Amino acid sequence: MIKIATWNVNSIKARLPNVLSWLEDFQPDVALLQELKTVDETFPRLEIEDAGYTVETHGQKSYNGVAILAKSRIEDVRRGLPGDDEDDQARYIEATVFGSLRVASIYLPNGNPQPGPKFDYKLAWMDRLYAHVKGCLETEETYVFGGDYNVIPKDDDVYSAAKFKDDALTQPESRARFQAIKHLGLTDALRTYNHNPHQYSYWDYQGGAWQKDNGLLIDHLLLSPEAADRLQGAGIDKTPRGEEKASDHTPVWCELEES
DNA sequence: ATGCCAGGTAACACCTGA
């Protein structure tokens, strides 16, 4: 079985102890990380390698930054989306792990405030992601697109839809693009096994959101048909969110049977 | 309408996040 998890760590340097203990406890075969907030040169590569992982990063100073960790070689790495030429934001990395499995770590733009240039950037970025995913699926390879999509797909995926009515994460334009990407033929791993409302992957640091379970579901694992055929389980690992110095996100995971 | 936390940068305040 290959266990794949996505986790927005909100600074890999601030979160290193949490990440190392999670790797030790949860033992993912592949970890897709977002919001590294540091450049490749200062990513704590040796510590992660000592935990048994191969590492590929696409970092950036202060903001964004994505990585792929695997208990296998990591090959054929793509950094950035096609069409990112004028864009210096590090939000996408994709590579082959375990010989033939393609995985992507995605940090989709937040887009607030909306309307405005940040929201326009989010929508344009989603259009580029759509075009890229479409091309990937045409290869008929096994693909897992995981990450912080910064989209709340349904009103049931947030503790208060009313409070998020004007937020970029719930706008019809954001949801329509997320749906369009899924409708290319992707399967939402979590929703294959868990149809309950109010299943969250993010809780704000403010206002006791974690204690009140005032959360959002914005981290998703989307599987190509070839990956979905091998899907054996999926879930949310809430343990890391309750620990000291936690990220505001918690890992979402899925398991694929070996090919 | 704004701050509430948290992290990074840089400088002892401001930006970004969701």
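Since the model is a prediction, treat every value here as computed from it, not as a measurement.
Across the P atoms, B:dA10 and B:dC4 are found 23 Å apart, a figure rounded to whole Å. The C1' atoms of B:dG8 and B:dC12 are separated by 15 Å, rounded to the nearest whole Å. For the C1' atom pair drawn from B:dG3 and B:dA13, the interatomic distance equals 16 Å after rounding to whole Å. Comparing the P positions of B:dA11 and B:dC15 gives a spacing of 13 Å, expressed to the nearest Å. Spacing between B:dA1 and B:dG7 at atom C1', rounded to whole Å, works out to 25 Å. For the P atoms, the distance from B:dC14 to B:dA18 is 22 Å, rounded to whole Å.
In this model, no donor atom of one side chain and acceptor atom of the other lie less than 3.5 Å apart for A:Thr54 and A:Glu49.
Residues near A:Met1 contribute nothing to a hydrophobic cluster around it, because no ILVMFWY side-chain heavy atom sits closer than 4.5 Å to its side chain.
Separating the CD atom of A:Gln34 from the C1' atom of B:dG7 is a distance of 17 Å, rounded to the nearest angstrom.
In this structure, A:Tyr92 has its ring center closer than 6.0 angstrom to the ring center of A:His132. A:Tyr143 and A:Phe145 have their aromatic ring centers within a separation under 6.0 angstrom.
Regarding contacts with the backbone of B:dA6, every side-chain N or O of A:Arg15 stays at 4.0 angstrom or more from both OP1 and OP2.
Among residues two or more places apart in sequence or in another chain, the side-chain contact (heavy atoms from CB on, under 4.5 Å) test is passed with A:Asn110 by A:Asn112, A:Asn150, A:Leu169.
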Its contact letters, B for base, S for sugar-phosphate only and - for none at protein heavy atoms under 4.0 Å, make nucleotides 8-18 of chain B read SSS-----SSB
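One distance of note links CG of A:Leu137 with OG of A:Ser224; it measures 6.5 Å at 0.5 Å rounding.
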